[in-house]
Visitor: 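Dropping the structure in here first, questions after.
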Number of protein chains: 2
Amino acid sequence: MEKYKLGDKVFDCPVGLASNAINGKWKLQILNLLSQEECMRYGNLKRRIEDVSEKMLIQHLRELEQDGLIERKLYPEVPPRVEYALTEVGRQIIPVIVALKQWGQLFRI
Amino acid sequence: MEKYKLGDKVFDCPVGLASNAINGKWKLQILNLLSQEECMRYGNLKRRIEDVSEKMLIQHLRELEQDGLIERKLYPEVPPRVEYALTEVGRQIIPVIVALKQWGQLFRI
DNA sequence: TTCGGTACTTACTTTTTAGTAAAAATTGTT
DNA sequence: AACAATTTTTACTAAAAAGTAAGTACCGAA
């Protein structure tokens, strides 16, 4: 039987794997912003995602990084500058975001 | 500012709403199965989704029903027969599933 | 009158996720 | 020496999600 692997997690179906990778209260919103902007700084992400706490934002960024969807670039300046961007694998998830956004727009009031 | 509403939950962006609707350990897998099969019985879903417990399956089915993505048809027979199927709104999320599945296949081993 | 088959339901526990708020690290500027 | 700006980190608490396992309801057939 075919298997799918992300990090050290193994799944029996691609939907299960994908579901696991994007599961998180703010992950899709993070990916959505990064899909529109080439790269974004931590502080900028924080401002753009209303209500996200610093803890959750950094936690989700770490997980997305570990799963290979985004990369973190640290510029050794003072004050520090950190930029996040989609990786190649991350860019390949953009069609999902686009379709999802379109679906969500059905619920506009 | 535009708003998006699902049930009694209001969101500022369509991605946030969509994210909320599909957030759940097995929801995308349920939607995936229903997208391929026209309709499916409870017991069949349970067999097809490995490891899901009866509690979680029914809970997710209820939430998807409340959010208007699926509908539940009870046939008053003995033993009882219950069929689940995508609604029109549910069918409109199929492109998301398709894109997600394609993305997940990148991780085949 | 007990059993089979289907679809749940309930009570309880454990695990995971999220929220809050304060602190840390860095170093050039005042 | 204190401050500013930015990106975390930490400790603690609270809430939500998930797991486990047993129980319920229906009714016709054996």
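Within every chain, numbering begins at 1; the chains are lettered A, B, ... in the order of the sequence lines, protein sequences first and strands thereafter. No hydrogens, no waters, no symmetry mates; every other heavy atom, side chains included, goes into these values.
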Visitor: Over how many whole Å does the gap from B:W26 atom CH2 to D:dA18 atom P extend?
Guide: 9 Å
Visitor: Round to a whole Å and report the spacing from CZ of A:R41 to P of D:dT6.
Guide: 6 Å
Visitor: Nearest whole angstrom, please: distance from the P of C:dA7 to the NZ of B:K73.
Guide: 14 Å
Visitor: Name all residues meeting the side chain to side chain donor-acceptor pair (under 3.5 Å) criterion together with B:Q36; count only those two or more places apart in sequence or in a different chain, and write none if there are none.
Guide: none
Visitor: I need the CZ-P distance between A:R72 and D:dT7, as an integer number of Å.
Guide: 10 Å
Visitor: I'd like to know whether CD of A:E38 has more than 12 heavy-atom contacts from other residues, nucleotides or ligands below 6.0 angstrom.
Guide: no
Visitor: Measuring from the side chain of B:P80 (C-beta onward, heavy atoms only), which nucleotide among D:dT8, D:dT6, C:dA7 has the closest atom?
Guide: C:dA7
Visitor: Report, one line per pair, each donor and acceptor closer than 3.5 Å where one atom sits in a side chain of residues 89-108 of chain A; sequence neighbours left out.
Guide:
residue : atom : partner : partner atom : Å
A:R91   : NE   : A:E88   : OE1          : 3.4
A:R91   : NH1  : A:L86   : O            : 3.2
A:R91   : NH2  : A:E88   : OE1          : 3.1
A:K101  : NZ   : A:N32   : OD1          : 3.0
A:W103  : NE1  : B:V89   : O            : 3.0

Visitor: Assigning hydrophobic clusters by single linkage (Ile, Leu, Val, Met, Phe, Trp, Tyr; side-chain heavy-atom cutoff under 4.5 Å), is B:L74 placed with B:L69?
Guide: yes
Visitor: Pick the closest DNA chain D nucleotide for A:N44 and for A:N23 by heavy atoms, then say which residue is nearer the 5' end.
Guide: A:N44
Visitor: Taking only side-chain N and O atoms of B:Y84, does any of them lie within less than 4.0 angstrom of OP1 or OP2 on C:dC8?
Guide: yes
Visitor: Calculate the interatomic distance between A:N20 atom CG and D:dA18 atom C1'; express it in whole Å.
Guide: 14 Å
Visitor: Rounded to the nearest 0.5 Å, what separates atom CD in B:E71 from atom NZ in B:K73?
Guide: 5.5 Å
Visitor: Could you tell me the separation between the CE atom of B:M40 and the C1' atom of C:dA7, rounded to a whole number of Å?
Guide: 16 Å
Visitor: Mind checking if A:Y75 touches a base, just sugar-phosphate, or nothing, with heavy atoms under 4.0 Å?
Guide: nothing
Visitor: Atom OG of B:S35 and atom CE of B:M40: how far apart are they, to the nearest 0.5 Å?
Guide: 8.5 Å
Visitor: Could you work out how much the helix from C:dT1-D:dA30 to C:dT30-D:dA1 bends, comparing the axis of its first five pairs with that of its last five, to 10°?
Guide: 40°
Visitor: Whole Å only: how far is the NZ atom of B:K27 from the P atom of D:dA16?
Guide: 14 Å
Visitor: Show me the donor-acceptor pairs within less than 3.5 Å that the side chains of residues 10-30 of chain B make with the rest of the protein, sequence neighbours left out.
Guide:
residue : atom : partner : partner atom : Å
B:D12   : OD1  : B:K3    : NZ           : 2.9
B:N20   : OD1  : B:K9    : NZ           : 3.1
B:K27   : NZ   : B:E63   : OE1          : 2.8

Visitor: With a 3.5 Å cut-off and sequence neighbours excluded, list the donor-acceptor pairs that the side chains of residues 44-61 of chain A form with protein atoms.
Guide:
residue : atom : partner : partner atom : Å
A:R47   : NH1  : A:G43   : O            : 3.4
A:S53   : OG   : A:M56   : N            : 3.2

Visitor: Could you check how far CG of A:L74 sits from P of C:dT26, rounded to whole Å?
Guide: 12 Å
Visitor: Let me confirm one number: the CD-CD1 distance from B:E83 to B:I70, rounded to the nearest 0.5 Å.
Guide: 12.5 Å
Visitor: When you measure from every atom of DNA chain D, which of residues 45-63 of chain A have a heavy atom less than 4.0 Å away?
Guide: A:E54, A:K55, A:I58, A:R62
